[in-house]
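Indexing begins at 1, ligand by ligand and atom by atom, following the structure's order.
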Amino acid sequence: MLDKPPSPYRIFTDRDVVDHLADLPEARERLGGAPRDWRVRDVADGNLNAVFLVDGPDGGVCVKQALPYVRVAGESWPLDVNRASFEAAYTARLAPHVKGLAPKLHHYDPGRFVLVMEKLEPHVILRKGLIAGERFPDAVRHVAEYVAQAAFHTSDLAVPFETKAADVALFAQNRALQRITVDLVFTDPYVEVWRNKVAPPLEPWAAALRADVALKTRVAELRLRYLTHAQSLLHGDLHSGSVMATPDDTRVIDGEFAWVGPTGFDVGDFLAHLVMAWYAKPFHGGAPEAIVRYRDALAGDVATFWLTFRRRFLEIWRDAEAAGDGLPPAHFADPAGRARLETFRQSYVDAIFRDAVGYCAIKIVRRIVGFAQIADFLVIEDVGRRAEAQGGALALSRALLKRPEAFADIADLVAALPAFEGAGLDPKRAPQ
Ligand code: SR1
Ligand code: MG
């Protein structure tokens with residue numbers, strides 16, 4: 001039985017969308033004309049929410065409403081509509097730091113759980129662009145900038161502990177979506193559960209993951225770190241479907257999974273989806289030389305993303321007016337202190353990388369044997385060929401989880417991509 005969300009909530013029809021916007025001066029002005037002139041399109045294609053694009057004579061807006069259930073599963077899987085409040089709070093919290101790298105939030109209605117946002121046009125979902133073989137030369141640098149700004153400015157390096165504690169307290173209430181992350185990302189892929197979708201050719205891989213105690217121990221470490229290491233405010237679901245891009249503009253969307261946790265979680269999530277795009281690409285068709293070129297560019301993106309994040313995070317830190325309670329500047333004021341501080345900074349970002357390697361692996365595994373799979377692989381119609389692509393990504397993930405010391409640097413990860421390609425459907429014969 002669905003719990004009825006509180007009044008005045010009801011699931012929006014096209015008519016409700018128009019009526020809602022008609023009451024919002026900012027939206028009216030942006031759309032222009034009269035409500036009868038506005039055209040509404042239902043464009044929902046994510047897992048959870050209703051999304052409408054509305055166009056008027058002068059411009060457009062995007063309207064997103066939290067449904068009281070998981071959209072792709074239906075009413076049998078209820079989900080708290082209050083998740084929209086956390087997306088609104090996350091967007092507002094980061095806006096001063098990430099500026100034009102996120103869509104503008106025009107309005108949030110806490111009774112109807114509706115966000116009215118900037119309509120992004122002619123942006124495309126990054127994942128769809130990658131599948132189509134398009135290039136977005138600046139996108140990974142922009143996402144790295146977004147993550148670096150968010151990670152620094154919401155950490156104890158930048159803010160007084162009172163601010164940090166308020167973020168922790170607020171986003172700790174985002175429990176419905178953290179339940180999804182804890183279950184779907186960290187738990188389900190390593191047990192047999194109804195939600196998992198394991199393609200028959202990947203049954204041996206799923207069984208191998210379930211049986212591998214060393215691997216599950218590393219997953220447990222990363223899960224505990226996600227739950228306990230309140231390092232910075234995370235997007236919480238930073239995959240290539242949470243990024244919209246044009247060749248020169250990039251926006252990070254959909255912060256409803258916001259949570260204060262280890263910075264490496266977002267970094268690893270985005271890396272994971274670039275890596276999966278790399279493994280999927282040869283199965284999307286096209287001329288062999290074009291595939292090689294595109295994959296080389298994707299491998300370059302993997303490195304560029306991490307290296308840009310690392311460089312920008314350190315620059316932001318060095319340039320910042322020290323205001324955080326985590327690192328009193330007076331302790332490092334003399335020359336010896338300043339030199340030591342720089343070493344400290346390097347080890348801080350090295351630790352983020354170690355986390356990111358683990359979360360990258362976990363995110364790959366959940367997208368292949370878990371509930372929420374991704375179009376990069378799903379568009380490969382032949383299940384056997386799809387499993388070949390996925391087998392390579394799973395083999396890499398196993399290595400990232402079981403031999404993290406072999407991936408001390410992003411160059412190690414990039415170099416490893418081809419080593420696991422064609423790992424096949426038999427985990428016993430795949431490289432370890
Ligand atoms: C119930 S499906 C949930 C998944 O969809 C979102 O995009 C997140 O990735 C989440 O894990
Ligand atoms: Mg989303």
Participant: Between Arg398 and Asp212, does any NZ, NE, NH1 or NH2 come within less than 4.0 Å of an OD or OE carboxylate oxygen?
Facilitator: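 The answer is no: the pair does not qualify as a salt bridge.
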Participant: Give yes or no for whether the N/O distance cutoff of 3.5 Å, strictly under, is met between Trp77 and ligand 1.
Facilitator: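 Checking ligand 1 against Trp77, no N or O pair falls under 3.5 Å apart.
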Participant: At what distance is the nearest protein heavy atom to atom 4 (C) of ligand 1, and which residue and atom is it?
Facilitator: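 Of every protein heavy atom, Asn47 ND2, 3.6 Å lies nearest to atom 4 (C) of ligand 1.
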Participant: Output the list of atoms in ligand 1 that are nearer than 4.0 Å to some heavy atom of Arg367, sorted by atom number.
Facilitator: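 Listed by number with element: 9 (O).
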Participant: Taking only heavy atoms of Val70 into account, list the atoms of ligand 1 that are under 4.0 Å away from them.
Facilitator: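 Matching atoms, with element in brackets: 1 (C).
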Participant: Does Asp188 come within less than 4.0 Å of Arg366, counting only side-chain N to carboxylate O?
Facilitator: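 No salt bridge links Asp188 with Arg366.
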Participant: Under 4.0 Å from a heavy atom of His239: which atoms of ligand 1 are those, numbered in the order shown and with their elements?
Facilitator: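 Counting atoms of ligand 1 from 1, those under 4.0 Å from His239 are 7 (O).
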Participant: Mind checking whether Arg71 has a heavy atom under 4.0 Å from ligand 1?
Facilitator: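 Heavy atoms of Arg71 never come under 4.0 Å of ligand 1.
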Participant: Do Arg30 and Glu118 meet the salt-bridge criterion of a basic N to acidic O distance under 4.0 Å?
Facilitator: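 Arg30 and Glu118: not salt-bridged.
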Participant: Look at the side chain of Asp42 and the backbone N and O of Ala44, then say whether any donor-acceptor pair between them is shorter than 3.5 Å.
Facilitator: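 At least one qualifying donor-acceptor pair exists.
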Participant: Tell me the protein heavy atom at minimum distance from atom 11 (O) of ligand 1, and give that distance in Å.
Facilitator: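 Protein heavy atom with the smallest distance to atom 11 (O) of ligand 1: Arg366 NH2, 2.6 Å.
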Participant: Ring centres under 6.0 Å, that's the criterion: do Tyr348 and Trp317 meet it?
Facilitator: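 That pair passes the under 6.0 Å test.
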Participant: Checking a contact table here: which protein heavy atom is nearest atom 8 (C) of ligand 1, and how many Å away?
Facilitator: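 The closest heavy atom on the protein side is Asp237 OD2, 3.1 Å.
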Participant: What protein heavy atom is closest to atom 3 (C) of ligand 1, reported as residue, atom name and distance in Å?
Facilitator: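 For atom 3 (C) of ligand 1, the nearest protein heavy atom is Ile180 CG2, 3.8 Å.
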Participant: So, Glu87 and Lys64, do they make that salt bridge, N to O below 4.0 Å?
Facilitator: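 Answer for the salt bridge query: yes.
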Participant: Ring centroid separation for Phe52 and Phe12, is it under 6.0 angstrom?
Facilitator: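 Ring centroids of Phe52 and Phe12 are no less than 6.0 Å from each other.
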